[in-house]
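First comes the structure, then the notes that go with it.
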Amino acid sequence: MVSKNVQDLMEKMTIQEKIGQLIQLSADFFQGDNVAITGPLKEAHLGEAALYSAGSVLGISGAQTVRKVQKNYLKHSRLGIPLLFMADVVHGYKTIFPIPLALGASFDPQVMKTASATAAKESAAGGVHVTFAPMVDLVRDPRWGRVMESTGEDPYLNSVMAKAAVTGFQGTLPLDQNHIAACVKHFAAYGAPEAGREYNTVDISEWRFREQYLSAYAAAIEAQALLVMTSFNTLFGVPATVNQHLMRDILRDELQFHGVLISDWDAIGEIIHHGVAGDLQHAADLALKAGVDIDMMSFAYAKYLAKAASLDPQIEQLINESAQRILILKEQLGLFTDPYRGLSTERETEATLTTENLDAAQAAAEQSMVLLKNSHHTLPLNTATAISLVGPVADTGDILGSWSWQGDPDQTETIADALAKQFSNFTVMPGTQYHHVQFSKLNDAVNASRQQETIVAVLGLPASESGEATSMTDITLPAEQLTLLRGLAQLNKPLVTIVITGRPLDLTEVDALSDAVLLAWFPGSRGGAAIANVLSGRVDPSGRLPMTFPRNIGQVPIYYNAYNTGRPISGTPADDENKYLSKYIDVANSPLYPFGFGLSYGDFTITDWTLSQHNVTPDQPLTIQATIHNSADHAGTTVVQLYTHQQVGETVQPVKQLQAFKKVSLGADQTQTITLTVPYDQLSTIHSDLHRSTDQGDYTVMLGFDSTCTASQPFTVAHQ
Ligand code: GLC
């Protein structure tokens, strides 16, 4: 339903003013006093009119700044249509939460929702209206640096987290002033670039796209995400940004998305490089016809739509449709009522970096860390233990991760400083930098460790080597850090290695050298305190892997919900007798650490589990009751995971597919019974005609604590 206000504006607006709404400019166009004459406008060969008719800006925040820019903008706006402020608020605004891949590892949608809601409240107080998040691209290749922005390799986990993120950012519609519009990205399948190389070709079948990649976008749109962002990559042979099948047939018609579709940065201009547009005018035409409402920074719309509209009524109609969607979004944000959305420096100060927000970030970090190894119960450590803290990430604030825009590493407590609050006897020496080493300093660190009981090495990568445009061919830790670790391991003392990373790494040697391995991701503003609590046992690490960790890069892509092939291995010694199987001759098929894996300080078993009935129908979901026991002498947390397998399908079916999970915390020697349900529709799969439906037949349900679980029971599915 289009409001009278929007209808009236549409009637009054000139075609140029409507085109202006379709243009997004970056912050530098609006900051400084005389940008209109010199600087970026001049470089872009745009006039002042383009500046004050542009519908939105990206990358500006701060109550005072936004007020100033908006006030000046409105002075130049004939019809008083407010400017829309968008930004990348991905895993926090000033209070930085763990990276989204870590939030996925929490296996708790409430953690994601809290992170997004906190980011919304802080950034709304900073004048942000729209965030370019959540990124829900399914990822299977750690060579691609943007896996840190995703919640991992699984369609179901990603869908659950996508919904939680959108709900956190937006709250319940209509948007209140503590919430912001979510822009789900990148549509679509940006997470599948060949060879993990950034911006590279994506060439997957539409069957695979629908079977594995589409569901998280669909979940975000079902959760009423108000915007979608196009992706840089090609899909089905056509660049996504101008792909009418993808944007009109699938996004608009099938997923019923009626919100604003924005291009990624200069993605319209890049259609020329893709070789699908001969020039920028052609690119503008193709993008508008694909339904792209906002052109982020290619200037194609600014330069060519007015002329195109004068020649072709269809173009004018499309411009009207896009302009109207943008005005509706501004209305949903309440901008016509209050273009400042209650902005004030007092509110901004009160809303940001509060103890409540920081505590929430710490809790999220504590819930997302993954204990990958813990031989001889090395962890937790007694706080009286004499510790040698070593490594390039031991005493730095560079633990916020990529896309932490307003976060300040210099104001972030280091792991060393956080440990000092709990452990009374420890030394700290970097030993090496990320990629450089002075052997005298390395030897100093090793020698200092001789005097201590336990060594805690904090290794990993800087945030600058994670996120966009950081594809890597070698996912082992830098040689300098492995040299340090080898030196420490030779001391034959308990060795705990903490890994700070935004992607799965090849930790094969780290695992072999360490008694305990704790994956801390980029843990955010309170990551140090969270790590200290896990090391001291105040908190039980309860993260589980949202993405498979390979033995080496040669196994990639490797993911748990793979297909059986015609020559599967059996996982028994018989495999060694038969070379003609789907395997390698140099490395096992299994990963170093599988999807869903993680250890706990507790000792959990599933003592009993039953199906409420063995026949699933549209009216009868698969329902499992399971009794979980913690036999340890202290509390702990685990994640019970339910997988299914369809024995026979019209197309191949994954050997197992995650369908439900539940985080369970139990005291020492405590037992709890939980219920997990899987609706009939959730068992649906994509058929060769590309339609999704649930097959009748025999299925298996598996229950356990990670994707290698084998305990199974049969069930059947019938259409009634
Ligand atoms: C970048 C990213 C996108 C981001 C946008 C605005 O190139 O691909 O995720 O939201 O530009 O910063």
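Since the structure is predicted, the reported quantities are computational estimates derived from the model, not experimental observations. Atoms within each ligand, like the ligands themselves, are counted from 1 in listed order.
Taking 4.0 Å as the cut-off, Phe232 counts as a neighbour of ligand 1 on heavy-atom distance. Residue contacts with ligand 1 leave out Glu149, since none of its heavy atoms falls under 4.0 Å from the ligand. His186 counts as a contact of ligand 1, since one of its heavy atoms falls under 4.0 Å from the ligand.
Side-chain contact between Phe299 and Tyr304 is absent, with no heavy atoms from C-beta onward closer than 4.5 Å. The shortest distance between side-chain heavy atoms of Leu157 and Phe107 falls below 4.5 Å. At a threshold of 4.5 Å between non-hydrogen side-chain atoms, the residues Leu280 and Ile271 do not count as touching.
Remark: ligand 1 and Trp403 share no N or O pair separated by less than 3.5 Å (distance only, no angle test). Polar contact check, Trp265 against ligand 1: no nitrogen or oxygen pair lies under 3.5 Å apart. An N or O contact shorter than 3.5 Å links Asp88 to ligand 1 by distance. The shortest N or O to N or O distance between Asp264 and ligand 1 is under 3.5 Å.
When atom types are taken as modelled, the side chain of Ser77 and the backbone of Tyr73 share no donor-acceptor pair closer than 3.5 angstrom. Side chain of Asn320 to main chain of Ala323: no donor-acceptor pair is present (N/O by atom type, distance under 3.5 Å, no hydrogens or angles).
Under the side chain to side chain contact (heavy atoms under 4.5 Å, CB included) test applied with Tyr190, the options Glu198, Met135, Glu149 reduce to a single match, Glu198. Each of Tyr217, Tyr213, Trp144 was checked for a side-chain hydrogen bond (donor to acceptor under 3.5 Å, both in side chains) with Asp137, and the lone residue meeting it is Tyr217.
Counting heavy atoms closer than 4.0 Å to ligand 1, residue Met135 contributes nothing at all. When non-hydrogen atoms are compared, ligand 1 lies under 4.0 Å from the side chain of Arg146 (C-beta onward) but not from its backbone.
Taking the six-membered ring where the residue is Trp, His245 and Phe236 present tilted rings, their angle falling between 30° and 60°.
Atoms of ligand 1 found under 4.0 Å from any heavy atom of Lys185, numbered from 1 in the order shown, are 3 (C), 4 (C), 9 (O), 10 (O).
Nearest protein heavy-atom contact of atom 1 (C) of ligand 1 is Glu468 OE1, 3.2 Å.
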